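Worksheet: one structure, shown below.
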Amino acid sequence: MNHAELVMRRRNVRAFIKADPVEVVVTRPGAITTTGAGGTVRAPSTTLASQQARIVQIKRKFDNGLQNIEPGYIPSTEYGLVAEYTRDFQVDDTFEWLGTNWTITGVHPTRTESIFCSMDFLGPDNG
Amino acid sequence: MAEQADIDNLRVMLGEIIPDGGTEDDTLFTDAQISAWVDDSPDLERAAYDGWRAKAAQLADLVNVTDGAASREFAKAFDNARQMISIYQRSSSGSTEGRTRVGRIVRS
């Protein structure tokens, strides 16, 4: 991509996020490893530093057939998360927003101007 | 190399401030390019005039884009850069050095 266009696109993303930001503290599940006994264990999860992002609705437009105005690659969920290209989000990351838990279900793999993730509702903590 | 304070001031005048946590790659110009304008100009306003001309050249290639859920009117950025060139051109440090210019009145 033309460098000037990439810089302008990233500035647009930055201004868009700063218009309605949320501070997201992500918990990343640990890697799964096999034990000598043949089972698997998951390493402790890690909590990342707070990252600024913006949560938006993912819109879909319906016609005779199903049309998705956001091209494929990520699951269709009600909400999406937009962040600057330097941020760190991965599938299965979890975070709290509006008092409930959410998880990242998909990260758009081809964007260079921003990070765009689909997010799904996990619900409040049990008990 | 020019003073870092002058480089930072010129970045402000050009609208090319390095964002928090970012680098000069997040702007249209490197510090070396900014420094060259500072070194080659009698003052910052003249350096800003030269900088905006270079910025307009980079923005001239951008077009309006609509993809999926988003549209971006990048062509407007070039028009804005031309206006900034005019502003600095009229100053006493600009290319006209504050002298009277003749122009055409254009109705919008």
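Proteins come first, then strands; the chains are lettered A, B, ... in the order of their sequence lines, and each starts at number 1. On a predicted model such as this, the values are computed, not experimentally measured, just so you know.
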For the backbone of R111(A) and the side chain of S114(A), can you confirm whether one donor and one acceptor N or O come within less than 3.5 Å of each other?
no
If the test is ring-ring contact (aromatic ring centres under 6.0 Å, His included), which one of W97(A), F121(A), F95(A) qualifies with Y79(A)?
W97(A)
May I ask you to name which of D61(B), L59(B), T27(B) has the most heavy-atom pairs under 4.5 Å with chain A?
T27(B)
For residues 11-44 of chain A, give me every residue with a non-hydrogen atom less than 4.5 Å from any non-hydrogen atom of chain B.
R11(A), N12(A), R14(A)
Is L28(B) close to chain A through its backbone or its side chain, or both, or neither, when contacts mean heavy atoms under 4.5 Å?
both
Checking K55(B) side chain against L14(B) main chain: does a donor-acceptor pair fall under 3.5 Å?
yes
Does the Lys NZ or Arg CZ of R10(A) fall within the cation-pi geometry relative to Y85(A) - under 6.0 Å from the ring centre and within 45° of the axis?
yes
For Q83(B) and N80(B), indicate whether the former's side chain and the latter's backbone hold a donor-acceptor pair under 3.5 Å.
no
Is D40(B) paired with R46(B) through a side-chain N to carboxylate O contact shorter than 4.0 Å?
no
Test your reading of the model: is there a side-chain donor-acceptor pair from T23(B) to the backbone of D25(B), 3.5 Å cut-off?
yes
